[in-house]
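Read through the structure below, which is laid out as structure tokens, and then see the notes.
Letters go in sequence order (proteins before strands), and every chain restarts at 1.
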Amino acid sequence: MRYLPLADSDRQEMLRAVGASSIDDLFVDVPEAAHLSTKIEGLADHASELSVERQLTAMARRNMVAGEVPFFLGAGAYRHHIPASVDHLIQRGEFLTSYTPYQPEIAQGTLQALFEFQTQVARLYGCDVANASMYDGSTACWEAIVMARRITRRGKAVLSAGLHPHYVSVADTMAKFTGDVLDKALPELTAETDADRLLAAIDEETSCVVVQYPDILGRITDLTPIADKAHEKGALLIAVVTEPVALGAIRSPGEMGADIVVGEGQSIGVGLNFGGPYVGLFACKEKFVRQMPGRLCGETVDAEGKRGFVLTLSTREQHIRREKATSNICTNSGLCALAFSVHMTLLGEKGLRQLANLNHAKAVQAAERLAKVAGVELVNDSFFNEFTLRLSKPARPVVRAMAEQGVLGGVSLGRLFPGAEALQNGLVVAVTETVTDEDIEALAKALQETLA
Amino acid sequence: MRYLPLADSDRQEMLRAVGASSIDDLFVDVPEAAHLSTKIEGLADHASELSVERQLTAMARRNMVAGEVPFFLGAGAYRHHIPASVDHLIQRGEFLTSYTPYQPEIAQGTLQALFEFQTQVARLYGCDVANASMYDGSTACWEAIVMARRITRRGKAVLSAGLHPHYVSVADTMAKFTGDVLDKALPELTAETDADRLLAAIDEETSCVVVQYPDILGRITDLTPIADKAHEKGALLIAVVTEPVALGAIRSPGEMGADIVVGEGQSIGVGLNFGGPYVGLFACKEKFVRQMPGRLCGETVDAEGKRGFVLTLSTREQHIRREKATSNICTNSGLCALAFSVHMTLLGEKGLRQLANLNHAKAVQAAERLAKVAGVELVNDSFFNEFTLRLSKPARPVVRAMAEQGVLGGVSLGRLFPGAEALQNGLVVAVTETVTDEDIEALAKALQETLA
Amino acid sequence: LEEPLIFEMDERGGTGVDFAEAPKVSSRLGSLERNRDIDLPGLSEPQTVRHYTRLSRQNYAIDLGLFPLGSCTMKHNPRLNERMARLPGFADIHPLQPVDTVQGALKLIADLGEWLIKLTGMHSVAMSPKAGAHGELCGLLAIRSALEARGDKREVVLVPESAHGTNPATAAFAGYRVENIPATERGRVDLAALKARLGPDVAAVMITNPNTCGLFEPDMIEISKAVHEAGALVYCDGANFNAIVGRVRPGDLGIDAMHINLHKTFSTPHGGGGPGSGPVVFSEALTPFAPLPFVEKQGDHYALIEEETAEEHHGRTFGRMTAFHGQMGMFTRALSYILSHGADGLRQVAEDAVLNANYVLRALEDVLDAPFGKSGPCMHEALFSDKGFEGGLSTLDLAKALIDEGFHPMTMYFPLVVHGAMLIEPTETESKAALDQFIGAIRNVAERAKAGDPSLKAAPVHAPRRRLDETLAARKPVLVYKEPEQAQAAE
Amino acid sequence: LEEPLIFEMDERGGTGVDFAEAPKVSSRLGSLERNRDIDLPGLSEPQTVRHYTRLSRQNYAIDLGLFPLGSCTMKHNPRLNERMARLPGFADIHPLQPVDTVQGALKLIADLGEWLIKLTGMHSVAMSPKAGAHGELCGLLAIRSALEARGDKREVVLVPESAHGTNPATAAFAGYRVENIPATERGRVDLAALKARLGPDVAAVMITNPNTCGLFEPDMIEISKAVHEAGALVYCDGANFNAIVGRVRPGDLGIDAMHINLHKTFSTPHGGGGPGSGPVVFSEALTPFAPLPFVEKQGDHYALIEEETAEEHHGRTFGRMTAFHGQMGMFTRALSYILSHGADGLRQVAEDAVLNANYVLRALEDVLDAPFGKSGPCMHEALFSDKGFEGGLSTLDLAKALIDEGFHPMTMYFPLVVHGAMLIEPTETESKAALDQFIGAIRNVAERAKAGDPSLKAAPVHAPRRRLDETLAARKPVLVYKEPEQAQAAE
């Protein structure tokens with residue numbers, strides 16, 4: 001076995017050294033009934049790299065690869081070009097095969113990178129502080145709701161209809177057990193969001209209002225009035241950003257008064273990966289820092305006065321506080337956070353702005369082109385790199401039909417909101433810098449043919 | 001430009017610092033007539049990674065990838081499975097982006113790896129010493145002939161008919177200018193090699209006899225009688241090994257008396273890469289070491305007595321000896337040598353033997369299967385993982401026809417020896433561990449159909 | 001040379017990426033165009049590569065040496081798995097693609113799930129939990145759902161003193177009250193005390209097995225029986241499954257739910273703290289309550305069961321825990337690992353892990369106190385205490401001194417049941433030579449600790465940093481970089 | 001921890017690879033089955049990864065810092081190029097596949113060749129030379145063929161004193177006698193001396209331009225003219241083409257052949273000493289003699305011209321220099337580099353390289369003697385001498401002291417025309433901040449050298465090794481590892 005360095009002769013020698021006559025002697029505590037005497041059913045013995053590679057490659061070939069077809073899916077996961085140096089750097093063994101930096105003297109690489117990551121996230125979101133990452137956007141969103149409950153000691157969260165339905169589902173699942181009340185609604189296929197509903201729903205029971213920006217249909221709302229109303233009622237505004245690239249073109253939620261900003265960081269540095277691993281971003285105002293979940297990296301000095309970094313404020317965390325922790329989270333998404341940070345360092349202000357500008361321009365072009373197809377209507381007034389079309393037919397079968405023609409044409413609202421009749425003709429189309437003019441034409445043609 | 005860190009403001013500041021009013025001031029020595037005032041014709045301005053990736057990917061897609069079809073080509077370049085860790089390790093920036101270890105105190109990584117490489121090569125070839133690599137097998141072969149001339153002060157080299165025709169061509173080219181005499185012949189489509197011809201040709205004028213092992217048709221000859229005869233006449237035996245994996249199954253040339261052993265190392269650790277970069281291996285008896293070309297790494301101690309490694313015996317080399325050097329070679333194939341060494345370290349004695357055994361067994365299976373196809377006859381008695389078939393038709397069009405059916409069925413002797421009528425029905429078939437039973441059946445079927 | 005922060009490099013106008021020029025269009029940004037700088041530095045590619053390469057060299061890692069963090073299972077991460085996870089067929093597919101276009105991905109999830117079920121002897125698996133603690137949550141939500149489905153409102157979860165902090169935190173996060181179960185002197189769950197506490201208010205018992213003292217719970221079957229008889233359910237923390245994989249199936253021990261840290265047992269890389277992946281296996285009793293989504297093989301087709309289709313035959317699910325389908329990138333690596341090792345190799349993994357740990361235990365018990373050393377062999381990790389250290393020296397000092405010897409320290413001060421605990425897990429991917437070298441280093445440092453050598457207090461001296469002031473960091477948290485003038489103004 | 005040699009690890013039975021079982025067959029090995037051990041140690045994958053990772057950390061590299069080796073052009077190696085070279089469509093194709101199955105590969109070679117021709121203003125290109133020195137050989141063989149084709153048996157090649165050692169060595173390897181051309185006090189070729197030496201026995205002049213003093217040869221056009229008038233040909237060593245790419249075309253200077261080090265100008269990685277790649281561009285006069293094989297675009301088809309088809313229209317070729325088609329892996333990287341930079345970027349490369357070198361030159365000329373500093377700007381590299389060092393200190397001492405400052409030293413003692421030469425080439429991929437830091441370090445060390453600080457003799461002290469005994473290594477060469485008993489027996 002290529003991964004096991006012990007030779008049989010080593011094993012014999014070591015058994016002798018520990019005073020065991022066979023390996024079974026070391027498993028004496030296992031009750032007789034629990035010893036597995038047979039091999040795992042159906043599992044072959046160890047295999048060569050070549051054999052494993054063949055088996056997995058065969059599976060990989062059964063998937064339609066985004067980069068090989070006209071591709072327009074978004075709805076919480078975006079396909080951007082990631083510079084080759086990002087993957088090169090995160091594969092450095094010192095990053096890839098290190099652990100949570102519990103021994104900071106020999107983990108300054110991870111720690112400094114996390115400190116830089118936190119700073120980048122805080123600035124991007126327009127917040128004071130950010131943590132060292134969460135699992136993903138959807139779980140970060142629920143953690144934010146819990147945090148708001150902890151801060152406000154209230155139990156009602158008002159969720160915008162534009163919040164990603166998976167994020168709503170996660171909150172739903174958890175709220176069932178925690179007793180939190182969720183005020184929610186389905187979105188409508190209109191240019192306007194449900195900002196009015198939110199303003200009306202915020203009251204003295206409200207812990208927080210949760211608004212996605214841009215929302216699941218791609219619409220962009222000014223968060224300022226919502227923040228004002230929330231603050232007036234003693235509630236917090238939680239903004240959710242599923243496409244961080246957007247913040248290169250539009251104002252940050254923090255600037256507009258959001259108290260907590262969470263979101264998905266996958267767009268920057270992390271590939272599609274069929275949904276994971278991704279990286280949850282979490283930022284807030286400084287005054288709430290001790291209520292934050294997750295790991296935090298902080299600056300300090302060493303015994304010689306040199307600057308260094310450590311994990312800090314761990315009295316919020318489970319390994320110290322156990323059942324009184326701010327969250328049960330332990331593992332974060334460190335390597336994805338590193339990828340995010342490396343990509344963001346390459347982009348910088350200039351690159352992120354260019355990238356955002358390019359995304360928006362391509363999206364506008366695509367929206368204008370697609371709106372000309374018979375049976376297609378653009379729902380949005382405002383959008384960044386993703387917009388919603390109302391088709392003349394239910395979108396879900398249209399998406400499937402286009403896929404058979406080799407065009408991955410978007411995400412149907414039927415897939416996102418199963419059972420919501422009013423939404424079934426909606427198609428969410430994302431257009432990033434990876435989309436070519438030919439791709440847009442291919443989608444237009446596929447829509448035309450499928451809707452005809 | 002993503003690779004250029006200077007900002008325009010830096011450039012202005014630096015121009016001021018050097019007392020230049022514009023960059024042109026720094027190019028004053030260029031004659032007026034030589035200033036290029038226009039842009040390079042047809043070359044676009046700088047492009048995004050995405051754009052470059054698209055252009056190159058489009059080219060890559062126009063090639064039939066060996067790993068995606070039944071594949072049987074060898075003849076000096078072999079497709080083996082390379083463990084994923086090999087490429088991971090050689091991509092470590094400290095290996096990839098370092099230079100020739102001229103400052104040994106900060107290049108011990110490269111130097112120790114080279115010392116290990118030299119030892120592995122020497123042991124594999126059955127020689128006392130090896131150098132730190134050459135460009136490839138074909139140039140190493142010529143360097144060996146030159147070295148033999150230097151040692152024997154004779155100018156006639158006897159080349160076996162089984163030597164790779166490209167290696168012969170390289171020697172031919174050089175000999176035209178150096179005045180060396182090459183005694184050579186075309187191979188015959190028989191089970192026997194031209195050992196008798198070689199024995200007859202070795203005389204008091206002979207500097208060396210050059211024998212490939214296994215030879216271009218895959219045949220394996222005992223080198224002992226040739227070594228004996230050569231030594232009797234004061235000549236050297238140079239053995240050439242194009243498939244190092246073979247030495248896991250058969251005796252090393254050094255054991256059989258070869259004075260210099262050279263060859264191609266590509267099989268171990270280095271991919272096909274359409275012919276390069278590869279890695280030339282070069283080993284010899286200890287007494288000839290000061291006549292060797294190329295870099296050598298040697299053991300020594302540092303000022304504190306610690307073991308360390310340095311480039312050594314550089315008085316043989318061009319940067320010290322200039323026109324009196326043993327060779328003009330400067331750059332070696334360091335990174336490929338590292339890949340070879342990492343792969344060989346993973347294999348070890350046990351793995352190399354298993355690999356060789358598996359290759360041979362598959363080749364025997366394939367030979368037996370293919371010999372059953374009507375119009376196909378096995379030429380070889382002996383072979384390792386490569387053998388020659390005599391087809392009922394010229395092999396070159398057969399190879400092309402099979403390629404159109406998606407089978408890369410071998411190398412035709414017509415391609416290797418253009419114009420050699422007697423060889424035109426020969427097909428050299430290599431069978432490595434990457435060939436499956438289905439691949440062998442596919443080749444049998446393709447041959448059957450094409451020859452029918 | 002000290003590596004500055006990217007924010008200190010004064011490259012506000014720099015960038016390491018190039019873009020095609022954007023077509024000219026009228027903006028549709030809803031009048032919310034950004035009108036303020038984000039203030040993100042940008043570095044060219046050469047600067048970026050150098051910055052992160054330099055930073056990386058301040059880290060210790062498995063690739064550099066033994067990393068004996070007990071309970072963290074720092075084993076070698078095979079590079080084949082990295083290559084497989086990067087196949088475009090896995091890495092470049094979108095979670096919401098039509099299921100017909102991702103049949104290979106769904107098959108991979110189904111195959112991995114099947115092996116996890118078979119390896120644990122359980123009934124079903126939830127693949128979506130994003131990490132171990134998320135898996136614990138998944139297990140507890142299923143337990144709570146099952147209890148509520150039978151109208152049983154229980155409020156307490158029992159957790160051993162030696163449990164990972166995530167156990168009580170998760171129970172609390174799932175809305176339970178937590179009570180401790182004491183340990184025996186032999187480092188096991190006190191069966192009598194547990195039985196005494198069981199009652200109609202107890203929803204579940206969370207047990208780690210092998211436990212965090214590195215010991216197998218010999219009473220596990222009896223514990224499960226007692227818990228079930230009391231109407232409660234058994235959650236097993238599977239963090240230490242690596243010690244028994246291929247030799248013991250948790251399903252045969254009577255447990256109802258267990259998460260599996262793919263990054264521990266199945267060697268997906270830890271990456272400096274994540275990502276993890278925490279699939280949860282369930283007993284038959286809990287299966288109906290498992291979360292969405294999951295993959296179901298229907299003939300030749302792999303179906304994705306989500307909210308829409310769940311009602312048909314999975315209507316009692318407790319719902320969705322995360323967007324999309326879980327940690328696909330980790331699934332690929334884990335499956336590659338399982339297929340590489342195979343049935344014989346996985347069993348060997350457990351055996352070598354246990355052998356290596358016992359070898360360390362026996363090689364050190366004369367110089368370090370091994371509180372449970374007398375009670376028999378350990379499993380995959382060896383536990384020591386700081387008993388006998390002189391001159392005010394502690395576990396921390398020994399750990400830091402080990403850094404100077406070229407090794408990463410063991411887990412310190414965990415589990416809490418032992419004073420100054422030192423938990424050493426070598427894993428199966430260490431050679432005997434590496435163990436011997438490590439043992440030599442510890443022996444050296446332990447002798448010094450017992451002799452009260454004050455120089456240990458100064459360790460490490462050969463690391464990129466000397467001891468760091470964690471109190472200062474927590475007292476005046478500096479969590480983001482501020483320009484010097486800002487930082488000053490803030491004071 | 002010192003990293004042992006793999007041969008010292010006692011893992012003779014180990015391995016880091018697994019294989020499927022071989023089918024049972026009767027051996028056909030011609031009775032030459034191996035009957036003796038090779039004696040190769042085998043390490044498991046974890047041990048292998050750790051061994052080489054640890055070794056790597058004893059290397060300095062561009063990825064770690066400025067690497068100012070003059071004439072070696074250590075610039076950043078873009079990671080995109082690495083990714084492109086690994087596309088299976090380039091990395092996993094065999095050199096002898098039918099040409100219809102490798103049209104993309106041939107197109108890539110043709111495209112790169114075309115850009116090299118256009119960038120140099122030459123007439124044709126030979127892609128197969130494996131490295132710079134191999135390219136020199138290619139050029140000289142073409143020159144010799146051309147001369148012989150006109151019945152002209154010339155025997156001498158003139159080489160400037162300041163040339164790379166490969167120049168005279170190559171000329172000798174190609175069968176020529178070598179004579180030196182002196183340099184002027186301003187570091188250029190002595191035009192008068194050259195003209196005086198030209199005659200019917202001179203086959204060629206080999207000139208490096210920009211030369212190894214980092215200076216452009218302002219008389220280059222006149223030199224070419226004189227050489228041509230004498231019936232000889234001009235070979236240009238293109239090692240320093242990076243200083244002028246996009247601004248000056250060597251073809252406009254009258255040269256007949258020039259090799260291009262793809263690993264210098266076009267940034268293919270140096271890999272600790274190779275592989276390189278040395279395509280050679282030719283003037284019209286030499287084109288008929290260019291080596292085989294080459295790629296020719298014929299309509300939509302890319303043809304590979306080899307021995308077989310060469311006779312038709314390339315019958316005067318001097319033949320083949322290497323098996324197969326050259327360094328494909330380097331071609332991919334170089335083309336990726338050229339397309340990435342484009343016309344504007346390549347010109348900027350030269351300009352930034354020259355600007356960076358002049359910045360260093362001017363920032364140091366007050367503390368280090370710059371022998372040609374007064375004669376105007378340098379090109380891509382700045383040359384200094386050890387004039388003014390006290391206390392027996394030399395260039396070597398300054399270089400080793402620079403290691404302790406965290407930098408790789410410059411090229412030492414080359415070119416030979418300057419005493420204690422120090423040749424500094426920063427390249428265009430260094431930021432101003434990196435240059436300033438480097439300049440500060442050199443200034444510090446230079447001041448100490450001029451003050452005769454004896455501690456410099458002990459440098460480096462912060463490197464993995466102190467100064468190594470090169471004399472011992474050469475006197476008693478130990479080139480392979482021998483088991484201690486063998487080694488002893490050998491003494």
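With sequence neighbours excluded, the residues forming a side-chain hydrogen bond (donor to acceptor under 3.5 Å, both in side chains) with Ser252(A) are Glu255(A), listed by chain and number. Not counting sequence neighbours, Phe90(C) has no partner by the ring pair (Phe, Tyr, Trp, His ring centres under 6.0 Å) test.
For the options Arg61(A), Gln118(A), Arg92(A), heavy-atom pairs under 4.5 Å to chain C are most numerous at Arg92(A). For the set Glu13(A), Met344(A), Glu433(A), His88(A), the count of heavy-atom pairs under 4.5 angstrom toward chain C peaks at Glu13(A). For the set Gly376(C), Gly345(C), Pro78(C), the entry with the most heavy-atom pairs within less than 4.5 Å of chain A is Pro78(C). Interface remark: of the candidates Leu339(C), Leu479(C), Ile62(C), Val17(C), Leu479(C) forms the most heavy-atom pairs closer than 4.5 Å to chain A. Comparing Gly175(C), Ser26(C), Ser336(C) by how many heavy-atom pairs each has under 4.5 Å with chain A, the most go to Ser336(C). The choice from Cys72(C), Ala363(C), Gly13(C), Pro98(C) that makes the most heavy-atom pairs within less than 4.5 Å of chain A is Cys72(C). Taking His76(C), Gln103(C), Glu136(C), Met330(C) one by one and counting their heavy-atom pairs under 4.5 Å with chain A, the maximum is reached by Gln103(C).
Interface remark: Arg362(C) contributes side-chain atoms only to the contact with chain A (heavy atom separation under 4.5 Å). Proximity to chain C (any heavy atom under 4.5 Å) is restricted, for Ala44(A), to the backbone atoms N, CA, C and O. The part of Thr139(A) that comes within reach of chain C is its side chain, from C-beta onward, which places non-hydrogen atoms under 4.5 angstrom from that chain. Interface remark: His51(C) contributes side-chain atoms only to the contact with chain A (heavy atom separation under 4.5 Å). When heavy atoms are compared at a cutoff of 4.5 Å, Thr312(A) approaches chain C solely by way of its side chain, counted from C-beta outward. Both the backbone and the side chain of Arg11(A) come within less than 4.5 Å of a heavy atom of chain C. Of the two parts of Phe7(C), only the side chain, counted from C-beta on, holds a non-hydrogen atom closer than 4.5 Å to a non-hydrogen atom of chain A.
Side chains of Tyr102(A) and His408(C) form no contact here, defined as non-hydrogen atoms less than 4.5 Å apart.
Taking the ring centroids of His35(A) and Phe27(A), they lie at or beyond the 6.0 Å cut-off.
Using modelled atom types, one finds a donor on one side chain and an acceptor on the other under 3.5 Å when comparing Tyr52(C) with Thr345(A). Side-chain contact annotation: Thr97(A) with Asn77(C), donor-acceptor N/O pair under 3.5 Å absent.
A distance-only check finds no donor-acceptor pair linking the side chain of Arg320(C) to the backbone of Thr173(A) [under 3.5 Å].
Across Leu26(A) and Leu15(A), no two heavy atoms sit closer than the pair CD1-CD2, 4.3 Å.
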